[in-house]
Amino acid sequence: MKKQLVSLVVILMAFSSYAQNIEVCNTCEISTLKKAITIAKDFDTIIVKKGTYKEHNIIIDKPLTIIGKNYPVIDGELKGEIITIVSDNVTVDGLFIINVGTSYTEDYAAIRVRRSKHFVIQNLVLEKLFFGIYLEKSSYGKVYHNKIIGDAVEEYNSGNGIQLWYSNHIEIEHNYVEHVRDGIYLEFSDDCLIKNNVSALNLRYGLHFMFSNNDEYCDNTFENNGAGVAVMFSKKIKMTNNTFKENWGTASYGMLLKEINDAEIIGNTFEENTIGINIEGSNRITYKNNNFINNGWAIKVRGACYTNSFVENNFLYNSFDISYNSNVNDNIFDRNYWSNYTGYDLNKDGVGDVPYRPVKLFSYIVNRTPETIILLRSLFIDIIDFSEKVSPVFTPDNLLDNNPLIKKITW
């Protein structure tokens, strides 16, 4: 093993000793990025000086580092894909890429990574695009500190900001994405870390992933997107310390969960969404230390959701805390703070002496007849909610928080 390690170090040193820098500028002998890639040797560095370079269909087919100085513009002139990486060990850093072609048969991207490993895409600015960064059957890469600004108007002729397809062990950090179809999209992509990104003002979802397991999403902001965030057909997901905010509309939610199992949703904030979390067919999920603030519905449980636990969350000033469309419940609600709780704490232990019933009869009625929402603030609604609280008929009689907290939880 030691001999193999020494051999590897010697090989890398040999490559680095022969690696050279190649400069590209409008007045240089090498005036295009394509030409620089053609003459470059493995592990060379190409330095692109400030200027505008009208190029597309640039293929990076060898291990290279490409660095832009003062953000040179790579203008694809709307002719198609601009940069495609098909080699391992490629770094692209500091370019301003614009004018990706639009197609109804091909997903043209500003930069695509195809069947590659150990790549870094960082410090890019992408504008006037179809797809932004598209990773296809690639792994062990990093997409870091990029700014992706689309001009999407309709879903059918727009693409996604950052897309992963059959790509594993990818780190996506500190990116800003707006005005595309889906901000960040993953399909069949496992063991990825999505961290400290902002995805806002997108036509459909700020984040959308399907059939992607063992992924972690933390410290991201998903704000003012068409339908919020969609999480589907995946397992062993961790979503921690994210913000889901201002996703409004008749089909909008902070987060949609469909067919999700064995996940953790901890420390997130769901604020001012039509629905904080919409849950369907999702089981064995831990919801803990989340804030649900000023949503229409904090949580809507659509059905086929079992063995979930909602523990130590804050439910603050939502029109409805919990909506439930079944009279059977085996989910746990315990030690949450509910701003609508009107019980008392005679022994001053911080826990209410009367259990809290978070599902209101009026929520059940609105689910069946949405037009009745106009009665939300009427005295009549208070009366029917009280009658259901005293003697549950339509809502699960065991859906209770037996230990409601008297004070809002702080972490």
#### Entry: E272 and N294 side chains, donor-acceptor separation under 3.5 Å
no

### Task
Kindly determine whether N278 and R302 satisfy side-chain hydrogen bond (donor to acceptor under 3.5 Å, both in side chains), including the steps that lead there.
CA-CA 7 Å; N278 193 87; R302 296 284 191 181; 3.2 Å; yes

### Query
Do I111 and I82 pass the side chain to side chain contact (heavy atoms under 4.5 Å, CB included) test, and can you show the C-alpha distance, the side-chain angles, and the key distance before you say yes or no?
CA-CA 6 Å; I111 184 162; I82 298 181; over 6 Å; no

### Summary
d(T269 OG1, N242 CG) to nearest 0.5 Å is 9.0 Å

### Query
Would you say the side chain of T84 lies within less than 4.5 Å of the side chain of R114, judging by non-hydrogen atoms?
yes

### Query
What closest approach, in Å, do P358 and L400 show between heavy atoms, and which atom pair accounts for it?
CD-CA, 4.5 Å

### Task
Using atom types as modelled and distance alone, determine if a side-chain donor or acceptor of S282 lies under 3.5 Å from a backbone N or O of I260.
yes

### Query
Does the side chain of V231 reach to within under 4.5 Å of the side chain of M255, using non-hydrogen atoms?
yes

### Message
As an exercise, state the distance from CG of N99 to CG of L126, rounded to the nearest 0.5 Å.
### Response
12.0 Å

#### Entry: Side-chain (N247) to main-chain (E223) donor-acceptor, under 3.5 angstrom
no

### Query
Which is it for L129 and Y108 under the side chain to side chain contact (heavy atoms under 4.5 Å, CB included) test, yes or no, and what are the steps along the way?
CA-CA 9 Å; L129 49 90; Y108 290 141; over 6 Å; no

### Query
Any side-chain donor-acceptor pair under 3.5 Å between N329 and Y324?
yes

### Message
Would you say that more than 12 heavy atoms from the other residues, nucleotides or ligands in this model lie under 6.0 Å from the NE2 of H174, or not?
### Response
yes

### Summary
In N398, N308, L399, T307, the residue satisfying side-chain contact (heavy atoms from CB on, under 4.5 Å) with D330 is T307

#### Entry: Expected output: side-chain D190 to main-chain N214 donor-acceptor under 3.5 Å
no

### Task
List the steps, then state whether side chain to side chain contact (heavy atoms under 4.5 Å, CB included) holds for N295 with S319.
CA-CA 7 Å; N295 301 284; S319 297; over 6 Å; no

### Message
Taking the side chain as everything from C-beta on, heavy atoms only, tell me whether I133 gets closer than 4.5 Å to N146.
### Response
yes

#### Entry: Lys/Arg-Asp/Glu bridge criterion (N-O < 4.0 Å) met for R112, E136
yes

### Message
I'd like to know if the side chain of S309 and the backbone of V311 have a donor-acceptor N/O pair within less than 3.5 Å.
### Response
no

### Query
Any donor and acceptor pair, going by atom type alone, linking the side chain of E271 with main-chain N or O of I293 inside 3.5 Å?
no

#### Entry: Chi angles and distances behind the side chain to side chain contact (heavy atoms under 4.5 Å, CB included) call for V354, Y341
CA-CA 9 Å; V354 179; Y341 179 62; 3.7 Å; yes

### Message
Using a 6.0 Å cut-off, check whether atom CZ of F188 has over 12 heavy atoms from anything other than its own residue.
### Response
yes

### Message
Could you tell me if the side chain of L257 sits less than 4.5 Å from the side chain of I285, heavy atoms only?
### Response
yes

### Message
For M232 versus L256, what's the shortest heavy-atom pair and its separation?
### Response
CE-CD2, 3.5 Å

### Closest approach of Y337 to N314 (non-hydrogen atoms, all atoms of both residues)
CB-OD1, 3.3 Å

### Task
Return yes if some donor-acceptor pair links the side-chain N/O of N197 with the main-chain N/O of N175 below 3.5 Å, else return no.
yes

### Message
Any carboxylate oxygen within less than 4.0 angstrom of a Lys/Arg side-chain nitrogen, looking at E173 and K195?
### Response
no

#### Entry: Check: L164 and I172 side chains under 4.5 Å, non-hydrogen atoms
yes

### Query
Do you know which two heavy atoms are closest between N160 and D182, and how far apart they sit?
OD1-N, 3.0 Å

#### Entry: CD1 on I237 to CD on E264, rounded to 0.5 Å
11.0 Å

### Query
With distance as the sole test, does N318 use its side chain to make a donor-acceptor pair with the main-chain N or O of G296 at under 3.5 Å?
no

### Query
Would you find more than 12 non-hydrogen atoms of other residues, nucleotides or ligands less than 6.0 Å from K34 atom NZ?
yes

### Query
What about the rings of Y217 and F209, do their centers lie closer together than 6.0 Å?
yes

### Task
Supply the atom-to-atom distance K245 NZ to N224 CG, rounded to the nearest 0.5 angstrom.
10.0 Å

### Query
Strictly by modelled atom types, are Y185 and E187 linked by a side-chain donor-acceptor pair under 3.5 Å?
yes

### Query
Any side-chain donor-acceptor pair under 3.5 Å between N196 and D219?
no

### Task
Fit a plane to each ring of F333 and W338, take the angle between them on a 0 to 90° scale, and name the class: parallel (under 30°), tilted (30 to 60°) or perpendicular (over 60°).
tilted

### Summary
From the list S138, S87, S139, side-chain contact (heavy atoms from CB on, under 4.5 Å) with K117 holds only for S139

### Task
Look up atom OH in Y344 and atom CD1 in I406, then write down how far apart they are to the nearest 0.5 Å.
10.5 Å

### Query
Below 4.0 angstrom, N of the basic side chain to O of the carboxylate: do R284 and D262 qualify?
yes

### Query
Does the side chain of E23 reach to within under 4.5 Å of the side chain of K49, using non-hydrogen atoms?
yes

### Query
Is it the case that N89 and H118 place a side-chain donor and acceptor less than 3.5 Å from each other?
no

### Query
Atom OG1 in T240, atom CD1 in I265: separation rounded to 0.5 Å?
10.5 Å

### Message
E155 vs R181, test: salt bridge (charged side-chain N to carboxylate O under 4.0 Å, His left out). Steps then yes/no.
### Response
CA-CA 6 Å; E155 286 185 24; R181 183 173 62 196; over 6 Å; no

### Query
Are side-chain heavy atoms of I60 and I83 found at a separation under 4.5 Å?
yes

### Summary
A19 and D44 have their tightest heavy-atom pair at CA-OD1, 3.4 Å

#### Entry: Atom NZ of K128: over 12 foreign heavy atoms under 6.0 Å
no

### Message
As a test of understanding, state which of V90, T91, L135, D93 forms a side-chain contact (heavy atoms from CB on, under 4.5 Å) with I121.
### Response
L135

### Summary
Of N336, D321, N402, the one forming a side-chain hydrogen bond (donor to acceptor under 3.5 Å, both in side chains) with Y356 is D321

### Short side-chain to backbone donor-acceptor contact, N273 and F244, under 3.5 Å
yes

### Task
Using a cut-off of 6.0 Å, state whether more than 12 heavy atoms not belonging to K62 lie near its atom NZ.
yes

### Summary
Closest non-hydrogen atoms of E106 and F130, given as atom of the first, atom of the second and distance, are O-CE2, 3.5 Å

#### Entry: Contact check, side chains of I74 and F96, non-hydrogen atoms, under 4.5 Å
no

### Donor-acceptor pair, side chain of N290 and main chain of N268, under 3.5 angstrom
yes

### Query
Just by modelled atom types, is the L33 backbone N or O under 3.5 Å from a matching donor or acceptor in the E55 side chain?
yes

